[in-house]
Amino acid sequence: MCTTAAAPVLMGVSTGLSVYGGLQAADNTRKAAEANKKYYYSLADTSEQGAKQDIVSGMRDQNTIALSEKSVEASQRAAMAAAGVGSGSVTAEDIIKETFNKAELDKMTVRYNANMSALAKKQQAGQYRMAGDNAIQAGNINADTTLLTSATGVANNWINFGNQKGWFNKSSAPAAATGAGK
């Protein structure tokens, strides 16, 4: 008799523990998702910093090329003057113009490569942010699934308990509800 009286109490305690466990599991899932989002956003920030550094590095390399071009041009002028070629000659101007054009192409190539690298890093940052947002969404779905699974388990336990106690037997239903009285 004592076992029969204790069963509903134990079922109530079991229900409470199951619900509490489900809530804790769901909360932990949400916290893990938030941590994942922070991680992905940190990767995105790092990628964006890398993109900025690529642009700065490209500008620095362009300045280096420009300085080098000026130095080469000065050396060419000095060498031509030593060889007796006047600074106004077509050959001298063609050589200097060619040096300038090649330096400009080099600077454009450096600028292009820096921009492409920066663009790739910005796109990667966007993908990291999207992954972070997806982590939150997946975490919420998993947390909700955990809660539903816990609730279903509790309901099944109570249904099984009720069946053992005869609470859901059809024979104990009132005659009017089953249509037996007609």
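Just so it is clear, the structure is predicted and the values come from calculations on it, not from any experiment. One is the number of the first residue; the rest follow in order along the sequence.
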TODO: For residues T15 and N157, determine if any side-chain heavy atom of one lies less than 4.5 Å from a side-chain heavy atom of the other.
DONE: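 No. Closest side-chain heavy atoms not under 4.5 Å.
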
Open item on the list: I'd like to check S47 versus L43 (side-chain heavy atoms, cut-off strictly below 4.5 Å). Are they in contact?
Closed with: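 Contact flag for S47/L43 side chains = no.
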
Value rounded to 0.5 Å, distance of [atom1] in [X] from [atom2] in [Y]:
X: M59; Y: T64; atom1: CE; atom2: OG1; result: 12.0 Å
X: D133; Y: M130; atom1: CG; atom2: CE; result: 8.0 Å
X: L23; Y: N28; atom1: CG; atom2: CG; result: 11.0 Å
X: Q49; Y: T46; atom1: CD; atom2: OG1; result: 8.0 Å

Open item on the list: For the backbone of T145 and the side chain of T149, can you confirm whether one donor and one acceptor N or O come within less than 3.5 Å of each other?
Closed with: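 Yes; judged by distance alone, with no hydrogens or angles, the pair exists.
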
Task: Under 3.5 Å donor-acceptor, S75 side chain and S71 backbone - done: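 Yes: the side chain of S75 pairs with the backbone of S71.
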
Hey, any chance [X] and [Y] share a hydrophobic cluster, counting ILVMFWY side chains that come within less than 4.5 Å of each other, even indirectly?
X: L119; Y: Y112; result: yes
X: I65; Y: V72; result: no
X: V19; Y: L147; result: yes

TODO: Cation-pi check, R129 to Y41: give yes when NZ or CZ is under 6.0 Å from the six-membered ring centre and within 45° of the ring axis, no otherwise.
DONE: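 So R129 does make the cation-pi contact.
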
Task: N142, T146, D144 screened by side-chain hydrogen bond (donor to acceptor under 3.5 Å, both in side chains) with R30, the one that passes - done: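 Going through N142, T146, D144 one by one, the side-chain hydrogen bond (donor to acceptor under 3.5 Å, both in side chains) with R30 is satisfied by D144 alone.
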
Task: Sole candidate of E69, Q76, E73 that passes side-chain hydrogen bond (donor to acceptor under 3.5 Å, both in side chains) when paired with T99 - done: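 Between T99 and the candidates, side-chain hydrogen bond (donor to acceptor under 3.5 Å, both in side chains) is satisfied uniquely by Q76.
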
Task: Within 6.0 Å of CD in E34, more than 12 heavy atoms from elsewhere - done: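 Above 12, so yes.
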
Open item on the list: Heavy-atom count check: over 12 atoms from other residues, nucleotides or ligands less than 6.0 Å from M116 CE?
Closed with: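 Yes - once you tally the heavy atoms of other residues, nucleotides and ligands closer than 6.0 Å, there are more than 12.
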
Task: Residues that Q24 engages under side-chain contact (heavy atoms from CB on, under 4.5 Å), provided they are two or more places apart - done: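 Q24 satisfies side-chain contact (heavy atoms from CB on, under 4.5 Å) with Y20 only.
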
TODO: Check G58 against A114 and note the closest heavy-atom contact, atom names and distance.
DONE: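 That would be CA-CB, 3.8 Å.
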
Task: Considering all heavy atoms, the nearest T29-A143 contact - done: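 Taking every non-hydrogen atom into account, CG2-N, 3.8 Å.
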
Cut-off 3.5 Å, no hydrogens considered: what does the side-chain donor-acceptor table look like for residues 121-128, sequence neighbours left out?
from, atom 1, to, atom 2, distance (Å)
K121, NZ, D54, OD1, 3.3
K121, NZ, D54, OD2, 3.0

Let me check something: any side-chain donor-acceptor pairs from residues 100-107 under 3.5 Å, sequence neighbours excluded? List them with distances.
from, atom 1, to, atom 2, distance (Å)
N101, ND2, K97, O, 3.4
E104, OE2, K107, NZ, 2.7

